[in-house]
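Report on the structure given below.
The first residue in the sequence is number 1, and the count goes up from there.
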Amino acid sequence: MTLLSPTPLAQALAKSFEPAPIEACWYPLWESRGFFAAGVSPDAPAFSIQLPPPNVTGTLHMGHAFNQTIMDSLTRYHRMAGHNTLWLPGTDHAGIATQIVVERQLEAQKISRHDLGRDEFIKRVWSWKEQSGSTITRQMRRMGASTDWSLEYFTMDPKLSQVVREVFVSLHKQGLIYRGKRLVNWDPTLMTAVSDLEVVMEEADGHMWHITYPFSEGPQAAHDAEGQPAGELSGMTIATTRPETMLGDGALAVHPDDLRYQHLIGKLVDLPLCDRQIPIIADSFVDPAFGSGCVKITGAHDFNDYACAMRHGIALIPIMALDATMNENAPQKYRGMDRYAARKQVVADVEALGLLVKAAPHRNMVPKCERTGVVVEPMLTDQWFVGLSQPGPENSHLRGKSIAQRAIEVVEQGQVQFVPGNWVNEYNHWLNNIQDWCISRQLWWGHQIPAWYKADAQGQAIHDGTVFVALEEAQAIEQARAAGYQGELVRDADVLDTWFSSALVPFSTLTDGAQPFIAGEPNLRPELAQYLPSSVLVTGFDIIFFWVARMVMMTVAFTDTVPFHTVYVHALVRDAEGQKMSKSKGNTLDPIDLMDGIDLDSLIAKRTSGLMNPKQAESIAKRTRKEYPNGIAAFGADALRFTFASLASPGRNINFDLNRCEGYRNFCNKLWNATRFVLMNCELPEEQAQPATADRWAALQEHCGLASHTAAQCVPGGYLFFSQADRWLTSTLQRVEAEVEQRLKEYRFDLAARAIYEFVWNEYCDWYLELAKVQLADPDQAVQRATRRTMLRTLETVLRLAHPIIPFITEELWQKIAPLAQRYGERGEQTLSGAELDQALGEQRFSLMMQRYPKAEPGKIDEQAEAFVAGLKAMVDASRALRGEMSIAPSQRLPLILAGPQNSAQAYAPYLRALAKLESVQVQPELPADSLAPVQIVGEFRLMLQVTIDVVAERERLGKEVTRLSGEITKAQAKLANESFVARAPAAVVEQEKARIAQFGETLAKVREQLAKLG
């Protein structure tokens, strides 16, 4: 077969796919030309996504990369579908994380934030943010994120800060924000409350101490589990992992139905080490099967105990200061001791009193602050709260219902839907059992709470219950004067929880910067109002409570609409073994390293730097050398994105396998090479080109759908004849277009990616391009023209189809293919000269991302052509099976006899000869009756290789094969007959053995049949 020589167009495409220069080229062009800008067409439907704002301190991790791949794929798809599209980017000020970063910098200079003072420290933080706070947004660009950067926000921007104050003041006026003393997670190093999301539970070795609390009235009667007398008790024994907290006990508790202790309810016990007596109470939260069935109630230092204490009116006795040392409520001996020193001393003193029953080794889950690694303490402190369960005003958007009730209501009504639907249960469970939200943090960096107190002579706040909440200090002063207070005011030093401002971003980010609120309502920019509610929120299940539910609550409360219509909840990215990726485990992967590649030494250095426990460095380095002996190869952004899309199946966890990246890198390379083949075979010599016309140039911009698929068409230069193979490819493409679009609408990115992969790799590259080689060698120009048109039209469509998932390579290839596809025009003839084509390419006036997404045309489905190619595939497989049966090498070309309906057989023959690597295909009505060669049957056709058989040698070969197969069947049957094997082996292994018996049996029957033919 003679192929056309490479043309200037084909030469413009590099011989191999190298992602780095392509990515470096296209993203700046897309961004600079405004292709990411929010759509404002009055007639187009709106589609929008809010980016979950990453911490300004952060760098792109695997979870970000996965999440953003999904969001960008959706955004690009809807943009190409003709929607007004907005993917809104922003970063979170990350109160705790950012303050820690800057404080560590100051520590290196031997300076504390208190040395600087609050105002100067805040200036330092802003300075750090300007210099280092854009790392993650640069990395997002590397991933191809098509966000509208012109609308990028920072949660401490003036506009957003004003919205935060407006919301705080409004909720306070409604009585839904209040200040009170509650139990919170407290970090004694950061000296602030932390949210549940910032607390991680880690398993640790410790002890369970069993301690007896003597009865105040002396020994009491003991009862067994049936309530029968069983001797006497000197006291009640409890088990605890935190004996130091017993100094603040307010009661002991048993289950009300526990017959062992019912008669003791109401009795008093002496609290060891303290000069106090505490009661025995009954509460159903006690587990009778845990320990002795009796627990201590320390309401000021345990969340379950706090709730129990509230139910029974038990005193709350804080025995720790905010730095986790024992305070004045502890006995004198322990005051000033660190909590762990106090623990050791308490145990020693209890043992000295003879009250320590035993100390047993115990592994338990310890709460630690994710930021500092310090064990957090439940601490009773004054904090600001949002009341989530109390009714709001009748004349507000809450309509007399609580914030939580309204959030449940909009989901029940279908205004917000969860995908997959089971996550709505998690959402409802949390909201139905919700506690008031602690929104204050004892930090300097963040939105300072807009509340002012009376000041004493030293300028310190007087907490007498009087507070002035206002948007600005001047308004607070007016309130104070109206209340008759003439003195100085001091602002609350606390800042708001980062999640408070994040909960407002669905509407705060769309408001008018000059006047974000008017008359208590968000004032949205007119051109952006169409994007509230947004279309979908893409998020992991781990922040359904902390962000998703809070956005619903706050947006409904302030806009009377939902923040988004759909919540797509995806799984979390784990390592290949299903373990959480963490620095301490040494199993983290950096998406940038997967795109750019990294050598082994650099990878080890990255994984072992900044460890909380430097002793782990050696084991992490060892593991890294084992897993990545050659470092990590550069896969590029497209291969990484395709990998993430293929893994986006429903579930809780995604096990990331680096081998998948390599596979999708190979896919990109396959697509690249296929494009080179098409370019080399579709650009005809210059003299065959026809002049360009104005309507052809217009069609170039629309990249002309090349729609017709009838068998023959008349064009100015002659006829086009579309073969069965051409019509099959066009028909299959319609089915793939429909499936991919449907899968994207269903958020099944894994199935969309699979459909694209299988069509490109299997149908287009492995089958059609091989069939096209046969047709390009056909002497009929009509066949050649139709083949080129089909190759181009299909490839151009595939590039549009795959663009949302793999944007860089598809843009690069489309820039080469689209003008050439138009050069052949709707009917296959060339319409642009080479000079005009080169000019179009050079100007790069068109971008694939701005083209229409492919839409399936059911009228082009051709079941007859599909059946023809299915038959051809079966014949090629049958020809290969014949070689296998006779142990003939694939490289050896032999003639094949094809018997069956003559016209159809003649149509199959040229394709079969090429694809099965045959010397020739002889079409005959019947196979030779006296042939001993194996036969394969495909539908109405019989296939046989034309070979001379050495009967003696072949009989000997087949006899050996019968013996081998019989032996394999016997071995497999013996395994299945072994009851021990069947009982212990995994079900998959047992099924595999059964499948082996069936497969060997089928092959054995064929071999025996062939042996019988030989006599």
Under 3.5 Å, is there a donor on one side chain and an acceptor on the other for [X] and [Y]?
{"X": "H255", "Y": "D287", "value": "no"}
{"X": "S41", "Y": "N84", "value": "no"}
{"X": "Q383", "Y": "Q442", "value": "yes"}
{"X": "K296", "Y": "T298", "value": "yes"}
{"X": "T372", "Y": "D187", "value": "yes"}
{"X": "Q50", "Y": "T509", "value": "yes"}
{"X": "S146", "Y": "D72", "value": "yes"}
{"X": "T155", "Y": "H93", "value": "yes"}

Does [Y] offer a backbone N or O that forms a donor-acceptor pair with the side chain of [X] under 3.5 Å?
{"X": "T98", "Y": "G95", "value": "no"}
{"X": "R399", "Y": "P393", "value": "no"}
{"X": "D302", "Y": "D305", "value": "yes"}
{"X": "S535", "Y": "S48", "value": "yes"}
{"X": "W87", "Y": "D148", "value": "no"}
{"X": "N523", "Y": "Q515", "value": "yes"}
{"X": "Q390", "Y": "G175", "value": "yes"}
{"X": "N55", "Y": "T57", "value": "no"}
{"X": "D249", "Y": "A251", "value": "no"}
{"X": "S501", "Y": "T498", "value": "yes"}

Between [X] and [Y], is any pair of side-chain heavy atoms under 4.5 Å apart?
{"X": "L88", "Y": "Y531", "result": "no"}
{"X": "M140", "Y": "L51", "result": "yes"}
{"X": "E166", "Y": "F558", "result": "no"}
{"X": "W445", "Y": "I96", "result": "no"}
{"X": "D512", "Y": "L524", "result": "no"}
{"X": "V536", "Y": "V567", "result": "no"}
{"X": "W437", "Y": "F500", "result": "yes"}

Please give me the minimum heavy-atom distance between [X] and [Y], naming the atom from each residue.
{"X": "A65", "Y": "F644", "value": "CB-CE1, 3.5 Å"}
{"X": "P378", "Y": "H301", "value": "O-ND1, 3.3 Å"}
{"X": "T511", "Y": "P522", "value": "CG2-CB, 4.1 Å"}
{"X": "V490", "Y": "A461", "value": "CG1-CA, 3.5 Å"}
{"X": "L744", "Y": "L74", "value": "O-CD2, 4.0 Å"}
{"X": "G392", "Y": "L176", "value": "CA-CD1, 4.3 Å"}

If I take atom [atom1] from residue [X] and atom [atom2] from residue [Y], how far apart are they, to the nearest 0.5 angstrom?
{"X": "I462", "Y": "K454", "atom1": "CD1", "atom2": "NZ", "result": "7.0 Å"}
{"X": "R441", "Y": "H447", "atom1": "CZ", "atom2": "NE2", "result": "13.5 Å"}
{"X": "F507", "Y": "L532", "atom1": "CZ", "atom2": "CG", "result": "8.5 Å"}
{"X": "M71", "Y": "H64", "atom1": "CE", "atom2": "NE2", "result": "9.0 Å"}
{"X": "N364", "Y": "T241", "atom1": "CG", "atom2": "OG1", "result": "5.0 Å"}
{"X": "Y178", "Y": "W384", "atom1": "OH", "atom2": "CH2", "result": "11.5 Å"}

Assess whether a salt bridge exists between [X] and [Y], defined as any Lys/Arg side-chain N lying under 4.0 Å from an Asp/Glu carboxylate O.
{"X": "E473", "Y": "R491", "result": "no"}
{"X": "D436", "Y": "R182", "result": "no"}
{"X": "E198", "Y": "K368", "result": "no"}
{"X": "E746", "Y": "R748", "result": "no"}
{"X": "D494", "Y": "R179", "result": "no"}

Please step through salt bridge (charged side-chain N to carboxylate O under 4.0 Å, His left out) for the pair R406 and D560, ending with a clear verdict.
CA-CA 10 Å; R406 288 285 282 132; D560 202 26; 3.1 Å; yes
Give me each pair satisfying salt bridge (Lys or Arg N to Asp or Glu O under 4.0 Å) with a member in residues 382-393, each pair once, sequence neighbours excluded.
K181-D382
Could you go through the side chain to side chain contact (heavy atoms under 4.5 Å, CB included) check for D92 and V56 one step at a time?
CA-CA 6 Å; D92 191 280; V56 69; over 6 Å; no
A cation-pi test, strictly: NZ or CZ of K159 under 6.0 Å from the centre of the six-membered ring of Y153 and no more than 45 degrees from its axis. Yes or no?
no
Under 6.0 Å from the six-membered ring centre of F545 and within 45° of its axis: does the NZ or CZ of R550 meet both?
no
Could you walk me through whether V556 and H397 pass the side chain to side chain contact (heavy atoms under 4.5 Å, CB included) test, one step at a time?
CA-CA 7 Å; V556 169; H397 295 316; 5.8 Å; no
Out of the candidates Y427, W423, Y568, only one should pair with F418 under the ring-ring contact (aromatic ring centres under 6.0 Å, His included) rule; please name it.
Y427
Are there over 12 heavy-atom neighbours, none belonging to Q435, within less than 6.0 Å of that residue's CD?
no
Does NE2 in H463 sit with more than 12 non-hydrogen atoms of other residues, nucleotides or ligands closer than 6.0 Å?
yes
Not counting sequence neighbours, which residues clear ring pair (Phe, Tyr, Trp, His ring centres under 6.0 Å) with H83? List them please.
H78
Assess whether side chain to side chain contact (heavy atoms under 4.5 Å, CB included) is satisfied between H570 and N67, documenting all intermediate values.
CA-CA 8 Å; H570 59 69; N67 177 270; 2.9 Å; yes
Assess whether side chain to side chain contact (heavy atoms under 4.5 Å, CB included) is satisfied between V295 and I297, documenting all intermediate values.
CA-CA 7 Å; V295 298; I297 303 300; 4.2 Å; yes
